[in-house]
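Scroll down for the structure; my scribbles are underneath it.
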Amino acid sequence: MLTIALPKGRLGEKAYDVLAKAGFDCPSVKEPNRKLIFENEEKQVRYFWVKPSDVHIYVEKGAADIGVVGKDILLEYEPEVYELLDLAMGKCRMAVAAPGEFYDDGMKTLRVATKFVNIASSYYAGLGREIDIIKLNGSIEIAPIVGLSDVIVDIVETGRTLKENGLKLREEILPISARLIANKASFKFKNNQIEHLKENIKLNLNDDDTLRR
Ligand code: PRP
């Protein structure tokens, strides 16, 4: 049985379609109910729906053999997993944003609000810029508006949240996309199944460009 942790939400649903197309379908996943675990005995596959930022924990600890996770999470938490494939979906950017009027004269410690403490810290360390990190758990865009921070480091997808809150994108830090990851022991002991899955996904990604959007 291959156990797969999927991130709850739109990205997870798209990722499921890719995995199903690669031969690991489990039709009950699509049933409109609140179940979180689904199994298809015939295909020897079991899926879990988990919070996107928890997928790597299930995979690292071996509760799931494989999972789908954003590159942002891999860079932030550096879990001990294998990164197998760029699924080329869930594309967005990690970026610095600030209110339109904010000007950084470099004279004061920069106050940075973010969920991504490690990514933000290493970005500013690379620039040699001194910062204070304010760790938040969501709705980061509010921080500079109410004076909690000067800038934010956050994910920008369409740019709509920034725009509608009067913030401007200032610097792009990294491009982000969803990755297929594997538990290290599972990769060894279930290698045939995992390699088969990976190769089928690759073929489908090349064939069907609509999956990549
Ligand atoms: C993410 C991110 C931004 C928004 C960007 O938030 O933190 O707020 O999406 O998307 P956009 O550029 O298309 O507007 P998410 O929905 O994950 O919520 P949270 O960070 O507030 O928890």
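Atom set for the values below is all heavy atoms of this structure, side chains included, hydrogens, waters and symmetry mates excluded. Every number for a ligand or one of its atoms is a count from 1 in the order of the listing. Along the sequence shown, the residues carry numbers beginning at 1.
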Residue and atom name of the nearest protein heavy atom (relative to atom 1 (C) of ligand 1), distance in Å to one decimal: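 The closest heavy atom on the protein side is Ile155 O, 4.5 Å.
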Residue and atom name of the nearest protein heavy atom (relative to atom 3 (C) of ligand 1), distance in Å to one decimal: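 Ranking protein heavy atoms by distance from atom 3 (C) of ligand 1, first comes Glu141 OE2, 3.1 Å.
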Looking at [Y] and [X], is any side-chain nitrogen of the basic one under 4.0 Å from a carboxylate oxygen of the acidic one?
| X | Y | value |
| --- | --- | --- |
| Lys202 | Glu199 | yes |
| Asp154 | Lys115 | no |
| Lys71 | Glu83 | yes |

Minimal non-hydrogen separation, Met1 against Asp65, with atom names: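 Closest approach of Met1 to Asp65, heavy atoms only: O-OD2, 3.6 Å.
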Would you list the atom pairs, donor with acceptor, under 3.5 Å between side chains in residues 52-64 and any protein atom, with sequence neighbours excluded?
from: His56; atom 1: ND1; to: Ser53; atom 2: O; distance (Å): 3.4
from: Glu60; atom 1: OE2; to: Glu80; atom 2: N; distance (Å): 2.5

Nearest candidate to atom 17 (O) of ligand 1, where distance is taken over non-hydrogen atoms, out of Lys115, Arg93, Arg160, Met94: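 That would be Lys115.
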Would you say [atom] touches the protein, meaning some protein heavy atom is under 4.0 Å from it?
| atom | result |
| --- | --- |
| atom 9 (O) of ligand 1 | no |
| atom 21 (O) of ligand 1 | yes |
| atom 12 (O) of ligand 1 | yes |
| atom 15 (P) of ligand 1 | no |

Considering only heavy atoms of [X], which atoms of ligand 1 have at least one such atom less than 4.0 Å away?
| X | answer |
| --- | --- |
| Val156 | 12 (O) |
| Ser139 | 19 (P), 21 (O) |
| Thr161 | 4 (C), 5 (C), 8 (O), 10 (O), 11 (P), 14 (O) |
| Gly159 | 11 (P), 12 (O), 13 (O) |
| Thr158 | 11 (P), 12 (O), 13 (O), 14 (O) |

Residue pair Glu39 / Tyr47, side-chain donor-acceptor N/O under 3.5 Å: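 Glu39 vs Tyr47: no donor-acceptor pair found between side chains.
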Test item: side-chain donor near acceptor, Ser177 and Arg179, under 3.5 Å: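 Result is yes, a qualifying pair exists.
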Pairwise salt bridge (charged side-chain N to carboxylate O under 4.0 Å, His left out) hits with a residue in residues 121-141, at least two apart: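 Checked against salt bridge (charged side-chain N to carboxylate O under 4.0 Å, His left out) - neighbours excluded - the pairs reaching residues 121-141 are Asp104-Arg129.
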Over-ring placement of Lys184 relative to Tyr82, 6.0 Å and 45° cut-offs: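 Ring-cation test returns yes.
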Non-hydrogen atom of Asp154 closer than 4.0 Å to ligand 1: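 The answer is yes: ligand 1 sits under 4.0 Å from a heavy atom of Asp154.
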Under 3.5 Å: N/O of Leu162 near N/O of ligand 1: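 By distance alone, the answer is no.
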